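Taking it in order: structure first as structure tokens, then the write-up.
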Amino acid sequence: MIPIYTTDTVPIDGSPPVTHAWPVWTVAADIGQGLETLAVAAGTRGAHAIIGVRVTAYSSTPMLERCALMGTAVVLAHEPAPPQ
């Protein structure tokens with residue numbers, strides 16, 4: 001499974017720069033299922049990570065809660081980022 005972060009960048013020192021990015025989202029019965037769905041969807045398109053994940057819970061009917069998850073799938077360059 002690819003890493004998933006709530007931060008707006010990959011929070012690893014020296015991580016390579018992002019070369020491609022696209023939005024990913026899903027609606028699921030629980031957060032774990034939603035995270036798995038995001039990871040599979042992003043990974044099948046070649047993403048290395050998902051950043052900026054946000055979760056919103058809502059109820060469409062009484063006693064039926066759902067979670068909407070959204071984030072940004074990213075592809076990282078192969079070379080490490082230059083030191084800053």
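Small disclaimer: the values here were computed from a predicted structure and weren't measured.
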>> Checking I2 now: which residues fulfil side chain to side chain contact (heavy atoms under 4.5 Å, CB included) with it, not counting sequence neighbours?
In response: A39, A42, A47, I50

>> Going by side-chain hydrogen bond (donor to acceptor under 3.5 Å, both in side chains), name the residues that satisfy it together with D8, two or more places apart in sequence or in a different chain.
In response: R54

>> Test: salt bridge (Lys or Arg N to Asp or Glu O under 4.0 Å). Region: residues 68-77. Which pairs qualify, not counting sequence neighbours?
In response: none

>> Going by side chain to side chain donor-acceptor pair (under 3.5 Å), name the pairs with one or both residues in residues 19-30, residues two or more places apart or in two chains.
In response: none

> Shared ILVMFWY cluster between V74 and M70, side chains joined below 4.5 angstrom?
Replying inline: no

>> Ignoring hydrogens, what is the shortest heavy-atom contact between A73 and V24? Give both atom names and the distance.
In response: CB-CG1, 3.9 Å

> With a cutoff of under 4.5 Å between side-chain heavy atoms, which Ile, Leu, Val, Met, Phe, Trp and Tyr residues group with V27?
Replying inline: Y58

>> With side-chain contact (heavy atoms from CB on, under 4.5 Å) as the test, pick out the partner of I51 among I4, V10, T9.
In response: V10

> To the nearest 0.5 Å, how far apart are CG in L38 and CD1 in I31?
Replying inline: 11.5 Å

> With a 4.5 Å heavy-atom cut-off, do L35 and L69 have their side chains touching?
Replying inline: yes

>> When you compare the side chain of L76 with that of V18, does any pair of heavy atoms fall below 4.5 Å?
In response: yes

> Do any pairs count as a side chain to side chain donor-acceptor pair (under 3.5 Å) and have a residue in residues 33-53, sequence neighbours left out, and if so which ones?
Replying inline: none

>> Under the criterion side-chain contact (heavy atoms from CB on, under 4.5 Å), I'd like the reasoning laid out for I12 against Y5: C-alpha separation, chi angles, the key distance, then a yes or no.
In response: CA-CA 11 Å; I12 299 171; Y5 304 103; 3.5 Å; yes

